[in-house]
There are 2 protein chains.
Amino acid sequence: MQDILFDFISKYVTLTDDEKNAILALDIFHSVKKGTTLLKEGQKSNENYFVLKGCLRKYYMIDGEEKTTAFITEMEALTPHCVMTKNPSEYYISCVEDAILLISTSDMETEINSKFPKFELMCRILSEERLGKQQIDFDEFKTSSPEQRYLNLLESRPDLIQRVPQHQLASFLGIKPQSLSRLRARILEKK
Amino acid sequence: MQDILFDFISKYVTLTDDEKNAILALDIFHSVKKGTTLLKEGQKSNENYFVLKGCLRKYYMIDGEEKTTAFITEMEALTPHCVMTKNPSEYYISCVEDAILLISTSDMETEINSKFPKFELMCRILSEERLGKQQIDFDEFKTSSPEQRYLNLLESRPDLIQRVPQHQLASFLGIKPQSLSRLRARILEKK
DNA sequence: ATAACTCGTTCACTTAAGTGAAGAAATACG
DNA sequence: CGTATTTCTTCACTTAAGTGAACGAGTTAT
């Protein structure tokens, strides 16, 4: 389990044993059961999540309806917006599948960053990487129809379509579950 | 002009005169005329843009149609995706209004960052800030209808609606110019 | 000054998504 | 094991966006 983490980190910076131990001392590995809600709307939090195994879902509750805007799977991180703003959260985060997470608090990160400046660098690279990825995702979303978005998802994250309920997938694609059903039927017909 | 830049920076880190001079020595202030294309699809580049005055537009050319995905205005930055990946650009960047820009190359940033580690910190904060803002924008886009998106824009960036051609605004909202016209008429009727 | 373009709007028509209801299938739970 | 609930699909109908064409207003170029 720890190997997965250090393999990931080694892509960005090289750690000494001291540094590895400092991380392990933080005791950040956590198992989370399917269905657990990690963050609720209106709640304050300073926890950051990194998914080693499983799948998290981020969703808003708008007019009594869940609007899913992200799925976070293996090797992806999520820093809730409210952690940065120190305000109550605008959205929910829940666990779609049994998961193993790294949960770190902002304090921990500040501590590690000040002890080992190397982490500052890694955080910047990671955050720029994510910014870039997200910009591309956003552009793709804007420039596509729901049908194209579904086909793109089929290409880029085929696992999601299997592991996630359709109605959550629908709102992730910006449409209603009924429209997703219809759209899938339409695609099958075309073939 | 320089004051605008240093006022902006001072929100994140405090600079010594040495550091300020090091920045000025880079000669990064540029005037750009309306209509200028700063980056074309297929082109390689390592330039980052920061808008002091004016407005840039980022757009894709898909099936012979321009798809605008971003407007960059005062105090906003744009690092083209191709600068990070070192690949040819997938999109265009052009100048919507006469503008004054900071144009820096990746080399310059590396140089400044290694001379003054303080910049590393500022870059991280800026990139995390942008990441957060963009996540919220993306969520808002996903959870809204075109009409709501237009109303939101009217709230959050009313200047854009004035300073940018409607057909560019339409594709930014994810719809066709005709639909934007209709949608505006619909809103006026309701009032 | 006039011709050529660009831009925004409107119209009629097509296509796809939203809505509400109903039912089948899968899953969870007592 | 069987009941309840969730999940997915289908249907009929409504609403809004896409499409292609046309028009006038404003801009640019010659």
*Asks:* Starting at atom OH of A:Y150, determine the distance to atom P of C:dA16, rounded to an integer number of angstrom.
*Replies:*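 Result: 17 Å.
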
*Asks:* Output the rounded distance in Å from CD1 (B:I161) to P (C:dC7).
*Replies:*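 Atom CD1 in B:I161 sits about 18 Å away from atom P in C:dC7.
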
*Asks:* Other hydrophobic cluster members with A:Y92, side-chain heavy atoms of Ile/Leu/Val/Met/Phe/Trp/Tyr under 4.5 Å, chained?
*Replies:*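 When side chains under 4.5 Å apart are linked, the cluster holding A:Y92 also contains A:Y59, A:M61.
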
*Asks:* Would you indicate, yes or no, if D:dC8 has its OP1 or OP2 atom less than 4.0 angstrom from a side-chain nitrogen or oxygen of A:H167?
*Replies:*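 Checking A:H167 against D:dC8: at least one side-chain N or O falls below 4.0 Å of OP1 or OP2.
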
*Asks:* Side-chain donor-acceptor pair under 3.5 Å between B:S104 and B:E109, yes or no?
*Replies:*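 A pair is found: one side chain offers a donor N or O, the other an acceptor, under 3.5 Å apart.
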
*Asks:* List in chain and number order the residues that pass side chain to side chain donor-acceptor pair (under 3.5 Å) with B:S145, two or more places apart in sequence or in another chain; answer none if no residue qualifies.
*Replies:*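 By the side chain to side chain donor-acceptor pair (under 3.5 Å) rule, B:S145 matches B:Q148.
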
*Asks:* Would you kindly give the CD-to-C1' distance between A:Q166 and C:dA26, to the nearest whole Å?
*Replies:*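 It works out to 13 Å between those atoms.
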
*Asks:* Any ring-ring contact (aromatic ring centres under 6.0 Å, His included) involving residues 148-173 of chain A? Give me the pairs, sequence neighbours left out, ordered by first then second residue.
*Replies:*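 The answer is A:F71-A:F172.
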
*Asks:* Mind checking what makes side chain to side chain contact (heavy atoms under 4.5 Å, CB included) contact with B:I103, not counting sequence neighbours?
*Replies:*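 Once residues adjacent in sequence are excluded, the partners of B:I103 under the side chain to side chain contact (heavy atoms under 4.5 Å, CB included) criterion are B:H30, B:E47, B:Y49, B:L101.
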
*Asks:* Along nucleotides 17-30 of chain D, 5' to 3', which nucleotides get a B, which get an S, and which get a -, given that the test is a protein heavy-atom distance under 4.0 Å?
*Replies:* BBBB----------

*Asks:* Check the distance between D:dT9's P and A:L169's CG and give it to me in whole angstrom.
*Replies:*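 From A:L169 CG to D:dT9 P: 11 Å.
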
*Asks:* Nearest 0.5 Å, what's the OG-CD distance between B:S127 and B:Q134?
*Replies:*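 Taking OG in B:S127 and CD in B:Q134, the distance rounds to 10.5 Å.
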
*Asks:* Should A:E76 and A:R157 count as an ion pair when the cut-off is N to O under 4.0 Å?
*Replies:*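 A:R157 and A:E76: salt-bridged.
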
*Asks:* Quick check on the helix from C:dA1-D:dT30 to C:dG30-D:dC1: what's the angle between its two end axes, five base pairs per end, to the nearest 10°?
*Replies:*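 End axes: 50° apart.
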
*Asks:* Distance only, no hydrogens: is a donor on one side chain within 3.5 Å (strictly under) of an acceptor on the other, for B:Q135 and A:H81?
*Replies:*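 Per modelled atom types, B:Q135 and A:H81 side chains form no pair under 3.5 Å.
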
